Amino acid sequence: MDNREIARIFDEIADMLDILGENPFKARAYRQVAHYIYRMETDINRVYEEQGLEGIPGVGKAIRAKLQELLETGDLQYYRGLQEKVPPGVLEMLDIPGLGPKTAGAIYSQTGIDTLEKLYRAAQEKRIRELPGMGAKTEYNIKKGIEMLRAARETFNLGTALPLAREFKDFLCSFSCVEMVEVTGSVRRGKPLVGDIDILVGSRQEETVRDKIRRFRKVKEILEEKPSYVKGKMAPGMSFEVVIVDPQEFWRALVITTGSKDHLEPIRPALEDLDCRSLHSEEDVYRSLSMQFIPPELREGRGEIELARRFALPRLVAWEDIKGDLHVHTDWSDGAHSLEEMAAAAARLGYSYMAVTEHSHSLAVSRGLDAERLLAQAKAVEELNRGYDGFRILTGIEVDILRDGSLDLPDEVLEKLDVVIASVHSHFRLSRAEQTERVLKAVESPHVDIIGHLTGRLLGRRPGYEIDIDAVLESAARNRKVLEINSYPDRLDIDEETAFRAKTKGIKVAISSDAHHRADLELIRYGVVNARRGWLGREDVLNTLGTEELLAYLRNK
DNA sequence: GCCGTTTTCGGCCCGACTGTTTTCAGTCG
């Protein structure tokens with residue numbers, strides 16, 4: 001049982017305790033341990049074998065015994081007992097926005113409803129509003145929420161799909177019957193939300209390959225099988241398709257399976273006429289069509305074919321171009337690691353700089369910084385910087401944009417910092433006009449450099465708030481402000497369309513990780529993919545600049 | 001259920017919004 005599975009079980013225990021109305025701090029104790037184990041960098045089994053479970057923060061006598069039982073037996077009686085009392089469908093209710101453990105528990109205990117389907121039907125039949133404390137509005141939100149979940153259940157964000165696809169690919173790669181293998185389809189094109197995982201295999205032994213596919217431990221069921229094709233489901237409920245071709249066919253098939261449909265349409269006849277024997281790479285395929293190679297992220301039928309025929313595609317920004325991270329949290333606010341640890345992790349990635357940008361104090365949940373602590377941090381940064389060579393921590397803040405558009409810290413504090421990000425973290429439901437006016441005020445504010453996660457969207461969970469993006473772009477261009485691409489796979493905010501429009505207006509974009517943990521620094525790769533899908537080149541991205549150029553740019557805004 | 005030293009019991013992140021109420025419980029970030 002690995003760290004993730006144990007974390008999941010402890011999280012579920014916490015949810016079930018909440019639903020049963022137990023002491024909320026008991027639930028939180030389990031949740032904290034789950035969180036810690038999830039983020040641990042070493043295998044918990046190894047920790048257990050080598051040093052026992054003594055040192056794990058938040059683990060006392062009771063939780064230690066349960067952890068031990070799980071690690072020794074792979075099972076937990078306490079967990080089984082809770083499952084008896086809280087059916088899985090009731091747990092799923094917690095995914096409905098605005099519906100928490102109290103409501104889920106009340107619905108179940110008062111009506112016996114124990115699945116989302118039954119709940120949806122009850123809402124349709126107006127039976128939910130009959131329950132004490134619930135009305136028509138709650139009932140409506142439940143219905144809408146379940147509809148959203150149904151739609152989201154079909155898709156996964158790239159942060160889930162890509163690692164899984166790579167694991168599957170690496171697994172297949174290890175067999176001699178597999179001569180070539182690549183992740184294809186929408187995952188390869190880097191779409192933020194994907195419906196399935198597509199893999200292309202080049203092999204002369206179809207049957208052996210099909211047998212290996214079944215042995216991948218995350219393959220849960222096979223839905224369809226033909227000699228050169230397997231379709232099935234993987235562990236978190238994600239569909240996959242594997243296409244097996246003769247190795248000679250591989251490169252053309254790679255273009256075809258990568259898609260998209262709109263991209264392929266104008267070139268499909270020519271592709272079908274190609275003599276595959278002369279092809280040794282994907283570049284060869286495009287070359288044979290008298291075209292420039294088109295990076296997968298551009299293959300969406302948005303004019304890339306036309307430009308490739310004229311050899312006029314932009315050179316897209318790449319991960320190697322990124323010189324530093326401009327949005328990082330530490331344990332001064334809600335991050336997991338110290339300033340030193342985050343800086344060390346950033347330096348290990350080969351960065352020249354990292355801006356430390358904690359939350360400001362109005363975001364109390366995150367232990368946001370007030371002016372005093374912020375200046376203390378700036379001092380700590382100064383100290384640390386003396387010890388580095390070729391790396392620098394930049395001072396900064398992710399200052400809250402308050403409801404009226406004013407900032408959570410005074411100008412005389414902000415002006416002392418290298419990087420000021422301004423972000424919205426509250427009052428998501430203002431009217432479009434109010435929200436726009438609020439953000440515009442921040443854009444116009446003299447010391448703001450970057451607007452963080454502009455729309456606040458959470459893919460598959462929450463749409464962005466109502467805001468006039470064009471008005472923001474106009475103002476950002478006028479005021480020489482930078483827009484962030486927040487690289488969290490469930491944010492990717494701004495999205496690719498907005499990034500593209502920003503580029504056409506000459507607005508620079510900062511691709512940032514928003515890391516709260518040192519492992520999160522790597523998420524910036526998703527932001528780079530998103531930027532590439534928005535056709536951005538190195539010159540469009542602020543943090544491709546070296547330290548001195550970056551600081552000069554920020555000073556001369 | 002965990003933690004600690006001014007505590008072995010009494011705290012444990014907190015403020016605002018929403019939808020239900022008619023003064024508040026539940027949810028969220």
Side-chain angles (χ1 to χ4, degrees), chain A residues 9-11 13-37 53-68 76 78-79 82 93-110 123 128-145 329 331-336 358-370 373 398 400-404 408 423-431 434-435 452-453 456-458 461-462 464-465 486 488 490-491 493 514 516:
Chain A
I9 288 174
F10 275 37
D11 250 334
I13 289 174
D15 284 343
M16 292 192 281
L17 291 172
D18 274 336
I19 288 171
L20 293 170
E22 294 255 2
N23 178 358
F25 296 107
K26 186 169 165 181
R28 208 178 70 184
Y30 280 95
R31 208 163 269 127
Q32 271 169 346
V33 173
H35 188 71
Y36 186 85
I37 293 177
L53 303 167
E54 298 298 326
I56 304 180
V59 176
K61 216 171 138 195
I63 292 186
R64 185 161 50 238
K66 293 183 175 84
L67 253 179
Q68 206 164 348
L76 180 57
Y78 178 65
Y79 176 55
L82 288 170
M93 291 180 197
L94 301 184
D95 294 334
I96 301 171
L99 195 158
K102 298 281 176 196
T103 316
I107 289 174
Y108 176 54
S109 64
Q110 288 170 41
I128 296 302
R129 64 179 69 183
E130 313 280 300
L131 300 173
M134 273 170 257
K137 189 77 198 226
T138 304
E139 192 176 73
Y140 174 80
N141 287 339
I142 286 176
K143 252 172 61 177
K144 283 286 146 213
H329 298 269
D331 59 9
W332 280 70
S333 67
D334 59 350
E358 314 289 6
H359 293 289
S360 58
H361 67 288
S362 84
L363 202 65
V365 270
S366 69
R367 297 178 55 239
L369 272 55
D370 57 18
R373 289 183 66 219
E398 181 182 14
D400 240 46
I401 305 176
L402 304 177
R403 185 190 172 124
D404 65 357
D408 197 23
S423 308
V424 164
H425 290 110
S426 60
H427 307 281
F428 297 133
R429 297 200 203 180
L430 296 185
S431 73
E434 279 177 300
Q435 197 70 272
H453 46 72
R457 74 169 179 177
L458 292 176
R461 278 190 290 155
R462 179 177 87 196
Y465 36 76
N486 189 295
Y488 261 69
D490 58 353
R491 285 194 185 268
D493 185 11
D514 195 1
H516 288 71

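All values derive from a computational prediction rather than experimental measurement. Any value given below was found using the heavy atoms of this structure, including those in side chains, with hydrogens, waters and symmetry copies removed.
Residues A/I142 and A/A123 approach most closely at CG2-CB, 4.5 Å, considering heavy atoms.
When the nucleotides B/dG29, B/dG1, B/dT20 are ranked by their closest atom to the side chain of A/K137, B/dT20 comes out on top. Of the listed nucleotides (B/dC2, B/dT27, B/dC12), B/dT27 has the atom at the smallest distance from the side chain of A/P101. Relative to the side chain of A/R403, the nucleotides B/dC17, B/dT20, B/dC2 differ in distance, and B/dC17 lies closest. With B/dC13, B/dG26, B/dC17 as the candidates, the nucleotide lying closest to the side chain of A/K102 is B/dG26. In this structure, the nucleotide among B/dG19, B/dG1, B/dG26 sitting nearest to the side chain of A/A62 is B/dG1.
Of the side-chain N and O atoms in A/H427, none sit less than 4.0 angstrom from OP1 or OP2 of B/dA16. In terms of phosphate contacts, A/S426 brings no side-chain nitrogen or oxygen within less than 4.0 Å of OP1 or OP2 of B/dC17. Remark: A/R129 is not in phosphate contact with B/dT20, judged by side-chain N or O atoms under 4.0 Å from OP1 or OP2. Under 4.0 angstrom from either OP1 or OP2 of B/dT27 there lies at least one side-chain N or O belonging to A/T103. At B/dC2, none of the side-chain N or O atoms of A/R64 fall inside 4.0 Å of OP1 or OP2 (strictly under the cut-off). A/N141 has a side-chain polar atom (N or O) that falls below the 4.0 Å cut-off from OP1 or OP2 of B/dG19. Phosphate contact (OP1/OP2 of B/dC12, side-chain N/O of A/K26, threshold under 4.0 Å): absent.
A distance of about 12 Å separates the C1' atoms of B/dC2 and B/dT8, rounded to the whole Å. Taking atom C1' in both B/dC13 and B/dC28, the straight-line distance is 13 Å, to the nearest Å. Rounded to a whole angstrom, the distance from the C1' atom of B/dT18 to that of B/dT22 is 16 Å. A distance of about 28 Å separates the P atoms of B/dT6 and B/dG1, rounded to the whole Å.
A/P24 comes within 4.0 angstrom of nothing in the nucleic acid, heavy atoms only. If you check every strand for non-hydrogen atoms under 4.0 Å, A/A106 touches nothing. Using a 4.0 Å heavy-atom cutoff across all strands shown, A/R31 reaches no nucleic acid atom at all. Across all strands, A/N23 comes closer than 4.0 Å to base atoms (heavy-atom distances).
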In sequence, state the C-alpha distance, the side-chain angles, and the governing distance for A/E398 and A/H425, and then conclude on side chain to side chain contact (heavy atoms under 4.5 Å, CB included). CA-CA 10 Å; A/E398 181 182 14; A/H425 290 110; 3.3 Å; yes

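B/dG11 and B/dC2 make up a base pair, with Watson-Crick or G-U wobble contacts both under 3.5 Å.
Using a 30° and 60° split on the angle between ring planes, A/Y30 and A/Y78 fall in the parallel class, below 30°. Ring geometry, A/Y488 versus A/H516: the interplanar angle exceeds 60°, so the pair is classed perpendicular (tilted spans 30 to 60°).
Looking only at side-chain heavy atoms (C-beta outward), A/Q110 and A/E130 stay at 4.5 Å or farther from each other.
Checked for salt-bridge contact, A/D18 and A/K102 miss the test: no charged N lies under 4.0 Å from a carboxylate O.
In this structure, B/dT21 shows a glycosidic angle more than 90 degrees from zero, which is the anti conformation.
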